Structure formats: C-alpha cells, structure tokens
Amino acid sequence: MSDVAEAFWETAMQKQVYPKMNPKIIAQVFVGMFAVACFSQNTMMDPNALVMSP
C-alpha cells in the first residue's frame, strides 16, 4: 500500500498539485495515519468494548 501512496504523491508533485517533498516519507506518514485511524475506529468505537472505570 505504501508503494501506491508513494506513486500518488510523486505524481501529484510532478503536476505541481503539492510542493516538492520526499514522496516516500509522505507515503509512510499517510499510511501510518490511515492505520491509526482504522485501529482507533475498531478499538475505541466498538459498541461491545469494555468500559474501564477509574
């Protein structure tokens, strides 16, 4: 998935949609944010999740 994201960012930078940056790092950040968002959605928003009391 990182390769696809890297290709997307690289193409967008060539078209001058986004400023020139390292597409590999941008792709890693994007994939990381996506993974965290999916993890949070599955764990924190699960209606069957246990509620911890303080």
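Values in this document were obtained by computation on a predicted structure and should not be read as measured data. Below, all heavy atoms of this structure are taken into account, side chains as well, without hydrogens, waters or symmetry copies.
For the pair Pro23 and Trp9, the tightest heavy-atom approach, listed with the atom from each and the gap, is CB-CB, 4.4 Å. What you find for Lys20 and Gln14 is that their closest heavy atoms are NZ-CA, 4.1 Å. Phe30 and Ala5 make their closest contact through CD2-CB, 4.0 Å (heavy atoms, listed as atom of the first residue, atom of the second, distance).
Note that CD of Glu10 is 9.5 Å distant from CG of Asn22, once rounded to the nearest 0.5 Å. Between atom CE of residue Met13 and atom CZ of residue Phe8 there is a gap of 9.5 Å, rounded to the nearest 0.5 Å.
By the side chain to side chain contact (heavy atoms under 4.5 Å, CB included) test, Val17 pairs with Ala12, Lys15, sequence neighbours left out.
By the rule that hydrophobic residues join a cluster once side-chain heavy atoms approach within less than 4.5 Å of another member, Ile26 and Val29 end up as members of separate clusters.
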